[in-house]
Amino acid sequence: MGWIGETMDSIKSLQIRQVLTQAVSLGMIVTSALIIWKALMCITGSESPVVVVLSGSMEPGFKRGDILFLHMSKDPIRAGEIVVFNVDGREIPIVHRVIKVHEREDTGEVDVLTKGDNNYGDDRLLYAHGQLWLQRHHIMGRAVGFLPYVGWVTIIMTEKPIIKYILIGALGLLVITSKD
């Protein structure tokens, strides 16, 4: 009869109690993942404790597809540190190195200028119109570690959504048809 026929027979034979059990299990998995993410946010002090490098602007240090682990402490940001920041008007965070730090004399606040290691010029063209420096509220965190190439899964699923839908469908089918 084949794999598809067996799967359909398996779905038909499920009782309502099994379906509810599987739905509750799936809900618990999703809830656990969200709790872990929120806990990481609290521990690291960053709104996004893990990010994927999406471009080659930081090569050779970080390549496209590397995963960075972020931490945001109260310590002042220094030149040479790698930071992840959001720019007003852009949704995707940027991973670049701090090349210059400017302390305001009147308030003592620190502004920073960034640049990708593989870019020719600084990032002022990436900042919002008229913005010359990044303030602390733009910075999501400092890079404290990385895993090479693991983020390619995210990149592939973003660039080719059909793969994401196939994967989600296959996992959903697996959850529904599991007998445990």
Side-chain angles (χ1 to χ4, degrees), residues 26-104 107-161 163-165 167-168 171:
L26 182 61
M28 289 175 61
I29 291 169
V30 170
T31 303
S32 297
L34 290 173
I35 290 171
I36 290 169
W37 184 259
K38 287 293 186 181
L40 282 173
M41 288 173 65
C42 292
I43 292 168
T44 64
S46 174
E47 63 188 77
S48 182
V50 178
V51 295
V52 176
V53 178
L54 298 175
S55 74
S57 66
M58 284 302 292
E59 289 183 0
F62 298 116
K63 294 179 177 36
R64 189 169 190 243
D66 290 353
I67 288 184
L68 297 182
F69 300 102
L70 306 182
H71 186 268
M72 191 62 187
S73 65
K74 301 285 184 197
D75 297 334
I77 297 168
R78 302 193 193 312
E81 288 185 313
I82 296 170
V83 295
V84 177
F85 60 92
N86 275 325
V87 176
D88 298 331
R90 291 182 183 237
E91 292 181 22
I92 298 174
I94 300 170
V95 178
H96 281 175
R97 186 178 306 277
V98 175
I99 58 169
K100 198 179 257 187
V101 177
H102 171 73
E103 186 174 344
R104 296 185 196 174
T107 62
E109 292 180 21
V110 174
D111 298 336
V112 298
L113 179 64
T114 57
K115 176 188 174 296
D117 290 353
N118 202 20
N119 294 350
Y120 291 110
D122 63 37
D123 289 343
R124 287 187 172 146
L125 293 174
L126 296 175
Y127 300 164
H129 182 70
Q131 183 180 0
L132 299 177
W133 299 87
L134 292 175
Q135 286 79 41
R136 189 168 189 93
H137 71 272
H138 292 111
I139 299 183
M140 296 170 57
R142 300 175 170 109
V144 294
F146 77 104
L147 280 174
Y149 307 113
V150 178
W152 270 105
V153 174
T154 302
I155 292 173
I156 289 169
M157 286 197 293
T158 302
E159 291 179 354
K160 303 201 183 309
I163 294 173
K164 177 173 40 178
Y165 299 131
L167 183 63
I168 290 171
L171 289 173

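The figures here come from the full heavy-atom set of this structure, side chains too, leaving out hydrogens, waters and symmetry mates.
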- Item | side-chain contact (heavy atoms from CB on, under 4.5 Å) between Tyr127 and Leu134, worked out | CA-CA 8 Å; Tyr127 300 164; Leu134 292 175; 3.7 Å; yes
- State which residues pass side chain to side chain contact (heavy atoms under 4.5 Å, CB included) with Thr158; sequence neighbours excluded, sorted by chain then number. Thr154
- By side chain to side chain contact (heavy atoms under 4.5 Å, CB included), Leu167 pairs with (sequence neighbours left out) Met157, Leu171
- Nearest non-hydrogen partners of Thr44 and Pro49, listed with the distance: OG1-CB, 3.5 Å
- Query: If you look only at pairs with a residue in residues 31-59, which of them pass as a ring pair (Phe, Tyr, Trp, His ring centres under 6.0 Å), with sequence neighbours excluded?
  - Reply: none
- Which pairs count as side chain to side chain donor-acceptor pair (under 3.5 Å) when at least one residue sits in residues 26-35, sequence neighbours excluded? none
- Message: Looking at Arg136, I'd like to know if its CZ atom is crowded, meaning that more than 12 non-hydrogen atoms belonging to other residues, nucleotides or ligands lie closer than 6.0 Å.
- Response: yes
- Query: Which residues pass the salt bridge (Lys or Arg N to Asp or Glu O under 4.0 Å) test with Arg90, sequence neighbours left out?
  - Reply: none
- CD-CG distance between Gln131 and Leu126, expressed to the nearest 0.5 angstrom: 10.5 Å
- Task: Locate the shortest heavy-atom distance separating Leu132 from Arg124; write the atom from each residue and the value.
- Result: O-NE, 2.9 Å
- Would you indicate whether the side-chain heavy atoms of His138 and Asn86 approach each other to under 4.5 Å? no
- Message: Run the salt bridge (Lys or Arg N to Asp or Glu O under 4.0 Å) test against Glu109 and tell me which residues pass, sequence neighbours left out.
- Response: Arg104
- Note on the structure: Applying ring pair (Phe, Tyr, Trp, His ring centres under 6.0 Å) to His102 and not counting sequence neighbours gives Trp133
Going by atom type alone, with no hydrogens or angles, which donor-acceptor pairs under 3.5 Å involve a side-chain atom of residues 140-150 and a protein atom two or more places apart or on another chain?
{"unit_1": "Arg142", "atom_1": "NE", "unit_2": "Glu81", "atom_2": "OE1", "d": "3.0"}
{"unit_1": "Arg142", "atom_1": "NE", "unit_2": "Glu81", "atom_2": "OE2", "d": "3.3"}
{"unit_1": "Arg142", "atom_1": "NH1", "unit_2": "Ser73", "atom_2": "OG", "d": "2.8"}
{"unit_1": "Arg142", "atom_1": "NH2", "unit_2": "Asp75", "atom_2": "O", "d": "2.5"}
{"unit_1": "Arg142", "atom_1": "NH2", "unit_2": "Pro76", "atom_2": "O", "d": "3.1"}

- Apply salt bridge (Lys or Arg N to Asp or Glu O under 4.0 Å) to Asp122 and list each qualifying residue two or more places apart in sequence or on a separate chain. none
- Name all pairs fulfilling the side chain to side chain donor-acceptor pair (under 3.5 Å) condition that reach into residues 57-70, sequence neighbours left out, sorted by first residue then second. Ser55-Ser57, Ser57-His96, Arg64-Glu159
- Message: Under the rule for side chain to side chain contact (heavy atoms under 4.5 Å, CB included), what residues qualify as partners of Ile139, not counting sequence neighbours?
- Response: Met72, Ile77, Val83, Phe85, Val112
- In short, Ile163 meets Ile156 closest at the heavy-atom pair CD1-CG2, 3.8 Å
- Message: The criterion is side-chain hydrogen bond (donor to acceptor under 3.5 Å, both in side chains); which residues satisfy it with Arg97, sequence neighbours excluded?
- Response: Asp117
- Query: Which heavy-atom pair separates Pro93 from Val84 by the least distance, and what is that distance?
  - Reply: CB-CG1, 3.6 Å
- Item | Nearest-0.5 Å distance that lies between atom CD1 in Ile82 and atom CG in Leu70 | 11.0 Å
